[in-house]
Amino acid sequence: MAGRVDLDGNPIKPMTICMIGAGGFIGSHLCEKLMSETPHTVLAVDVYSDKIKHLLEPTSLPWNGRIQFHRINIKNDSRLEGLIKMADLTVNLAAICTPADYNTRPLDTIYSNFIDALPVVKYCSENGKRLIHFSTCEVYGKTIGAFLPEDSPLRQDPAYFVLSEEASPCIFGPIEKQRWSYACAKQLIERLIYAEGAENGLEFTIVRPFNWIGPRMDFIPGIDGPSEGVPRVLACFSNNLLRHEPLKLVDGGHSQRTFIYIKDAIEAVFLMIENPARANGHIFNVGNPNNEVTVKQLAEMMTQVYSKVSGETPLETPTVDVSSKEFYGEGYDDSDKRIPDMTIINRQLGWNPKTSLWDLLESTLTYQHRTYAEAVKQAMSKTTTN
């Protein structure tokens with residue numbers, strides 16, 4: 001760790017990072033990297049610590065003392081401002097970000113992603129602290145190409161579907177389509193952060209993740225999360241595969257997505273943390289445009305990969321079609337494509353993703369298959385004991 005320098009050759013000084021949402025999927029991977037590769041200290045703020053337990057115990061770990069867990073619900077805890085004041089940088093990962101909640105819990109979704117984030121932005125701005133705020137690729141909404149006739153040649157023109165931080169409009173569906181409650185709340189907090197930068201000098205970076213995938217992502221109902229609920233697409237498919245059920249394709253699975261491996265994405269965030277001169281004032285897409293598939297193609301590939309890692313024969317009918325109304329409830333809508341323009345992050349940080357879709361799926365499904373097998377084993381041993 002000695003003699004570490006940033007992209008411009010300047011020495012990197014040890015810093016204290018207040019990480020809100022440190023116990024989640026992204027936070028756990030970011031904490032791991034910060035502990036193993038830097039001298040930085042993390043004030044880990046969350047209501048759960050399960051995914052970072054391996055970093056907190058035992059006390060003999062080489063980074064003991066450099067990560068402190070604070071069990072805080074940021075909705076109503078006065079200790080938050082004190083932690084932000086103690087830190088050099090705040091990373092805000094806290095959010096409700098599960099599509100199934102956007103129409104069924106629109107108020108919680110809006111409060112979580114806008115109202116609850118307001119004090120974080122305010123404390124950073126008032127105390128002169130730097131902020132890295134996690135937004136979402138959902139702020140783009142639908143592409144311009146989605147509104148063109150089906151047979152229009154313009155649909156093939158990247159200008160109509162590749163999403164650029166500085167050029168693409170943010171197009172949402174009508175108000176009754178409550179699926180956009182998340183995207184709208186995220187967009188408004190982005191605008192507020194940007195305004196704090198312009199008017200009050202807040203140093204900020206906004207991250208727009210494009211489907212980050214890997215071990216510990218999302219939740220598998222009843223295994224590493226609630227028994228009820230609908231996680232995001234990849235965890236939904238994993239859940240079906242683990243339980244030998246057909247994968248449910250919402251409205252035929254025609255939507256297109258790009259997927260990026262969590263370790264590639266964390267590398268990008270790491271560069272933002274340690275290169276403030278290059279990252280401040282910027283919004284960054286973080287995704288992998290090379291890993292683009294339809295949801296249906298994703299289901300087919302996951303079925304193949306899971307068969308390889310588990311040794312189990314795929315079901316004769318691996319997928320079934322369901323309507324979005326049946327799956328998500330009334331008020332669901334969707335974006336057609338999500339392909340990130342990578343110009344800005346490449347120019348500012350020299351970053352590019354590396355991991356192929358097949359490799360990231362293999363890593364994720366290997367982890368989930370092992371975790372599921374362990375959970376089933378534990379459940380069976382409890383039954384036997386009782």
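What you are looking at is a predicted structure, and each value in this text was computed from that prediction instead of being measured.
Heavy-atom neighbours of Lys296 NZ from other residues, nucleotides or ligands within 6.0 Å: at or below the threshold of 12. Heavy-atom contacts from other residues, nucleotides or ligands closer than 6.0 Å to NZ of Lys75 number more than 12. Surrounding CZ of Arg71 are more than 12 heavy atoms belonging to other residues, nucleotides or ligands, all under 6.0 Å away.
Of the possible polar contacts, none joining the Asp321 side chain to the Gly252 backbone as a donor-acceptor pair under 3.5 Å is found. The main-chain N or O of Glu245 is never found under 3.5 Å from a side-chain atom of Asn240 such that the two would form a donor-acceptor pair. Remark: the backbone N or O of Gly23 is paired with a side-chain donor or acceptor of Asp46 at under 3.5 angstrom. Proximity of a side-chain donor or acceptor of Asn10 to a complementary backbone N or O of Ile12 within less than 3.5 Å is not detected. A donor-acceptor pair is defined here as one N or O able to donate and one able to accept, closer than 3.5 Å; such a pair exists between the side chain of Asn113 and the backbone of Thr109. Here the side chain of Ser28 pairs a donor or acceptor atom with the backbone of Phe25 at under 3.5 angstrom. When atom types are taken as modelled, the side chain of Ser164 and the backbone of Ala167 share a donor-acceptor pair closer than 3.5 angstrom. Not a single donor-acceptor pair under 3.5 Å links the side chain of Asn200 to the backbone N or O of Glu196. Side-chain atoms of His133 never come within 3.5 Å of backbone atoms of Val121 as a donor-acceptor pair (strictly under, hydrogens ignored). Looking at Thr364, its side chain does come within 3.5 Å of a backbone N or O of Leu360 through a donor-acceptor pair.
Annotation: ring pair (Phe, Tyr, Trp, His ring centres under 6.0 Å) contacts of Phe114 (sequence neighbours excluded): none.
Using a 3.5 Å distance cut-off with no hydrogens or angles, the side chains of Thr294 and Gln256 do not pair a donor with an acceptor. One side chain, Tyr140 or Asn285, offers a donor N or O that lies under 3.5 Å from an acceptor on the other. Remark: the Asn288 side chain and the Asp264 side chain contain no N/O donor-acceptor pair separated by less than 3.5 Å.
The CD1 atom of Ile132 sits 11.5 Å away from atom CD1 of Ile193, with the distance rounded to the nearest 0.5 Å. One distance of note links CG of Leu247 with CD of Glu300; it measures 10.0 Å at 0.5 Å rounding. From Phe237, atom CZ reaches atom OG1 of Thr319 across 8.5 Å, with rounding to the nearest 0.5 Å. To the nearest 0.5 Å, atom CD1 of residue Ile213 and atom CG of residue Leu365 are 10.0 Å apart.
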List the steps, then state whether side-chain contact (heavy atoms from CB on, under 4.5 Å) holds for Leu349 with Asn275.
CA-CA 8 Å; Leu349 302 173; Asn275 292 275; 4.2 Å; yes
Decide yes or no on side-chain contact (heavy atoms from CB on, under 4.5 Å) for Ile20 and Val120, but give the supporting numbers first.
CA-CA 9 Å; Ile20 302 165; Val120 177; 3.8 Å; yes
Run the side-chain hydrogen bond (donor to acceptor under 3.5 Å, both in side chains) check on Glu312 and His244 step by step: do they pass?
CA-CA 9 Å; Glu312 296 168 12; His244 311 293; 3.3 Å; yes
Please test Glu138 against Arg179 for side-chain contact (heavy atoms from CB on, under 4.5 Å), starting from the C-alpha separation and ending with a verdict.
CA-CA 10 Å; Glu138 291 239 351; Arg179 187 250 201 277; 2.7 Å; yes
Going through the checks in order, is the salt bridge (Lys or Arg N to Asp or Glu O under 4.0 Å) test met by Glu267 and Lys354?
CA-CA 11 Å; Glu267 191 63 45; Lys354 303 180 186 76; over 6 Å; no
side-chain contact (heavy atoms from CB on, under 4.5 Å), that's the test. Do Thr143 and Val162 meet it? Break it down for me.
CA-CA 8 Å; Thr143 67; Val162 174; over 6 Å; no
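In this structure, Glu292 pairs ionically with Lys337, as a charged nitrogen and a carboxylate oxygen lie closer than 4.0 Å. Contact check on Glu274 versus Lys13 returns no salt bridge, with no Lys/Arg side-chain nitrogen under 4.0 Å from an Asp/Glu carboxylate oxygen. Between Arg208 and Glu190 there is a salt bridge, with a side-chain nitrogen of the basic residue lying less than 4.0 Å from a carboxylate oxygen of the acidic one. Ion pair Lys122/Glu126 flagged as a salt bridge, since at least one NZ, NE, NH1 or NH2 atom sits closer than 4.0 Å to an Asp/Glu carboxylate oxygen. Note on Glu32 versus Arg216: salt bridge recorded, some NZ/NE/NH1/NH2 to OD/OE distance being below 4.0 Å.
A distance below 6.0 Å separates the ring centres of Tyr194 and Phe204. Close placement of the Trp212 and Phe134 rings is indicated, their centers lying within 6.0 Å of each other.
The side-chain contact (heavy atoms from CB on, under 4.5 Å) test with Val42 singles out one residue from Met15, Arg66, Gln68, Met19, and that residue is Met19. A side-chain contact (heavy atoms from CB on, under 4.5 Å) with Leu357 is found for one member of Gln297, Glu362, Met301, Met302 and no other, namely Met301.
The two atoms that bring Ile72 and Val47 nearest to each other are O-CG1, 3.7 Å, heavy atoms only. Across Leu56 and Ser49, no two heavy atoms sit closer than the pair CD1-CB, 4.1 Å.
Placement of Ile339 and Leu298 in two distinct hydrophobic clusters is found when ILVMFWY residues are connected by side-chain heavy-atom separations under 4.5 Å, directly or transitively.
The hydrophobic cluster containing Leu148, built from Ile/Leu/Val/Met/Phe/Trp/Tyr side-chain heavy atoms closer than 4.5 Å, also comprises Ile144, Phe147, Leu154, Tyr160, Ile171.
With contacts defined as side-chain heavy-atom distances shorter than 4.5 Å, the pair Val286/Pro209 does not qualify.
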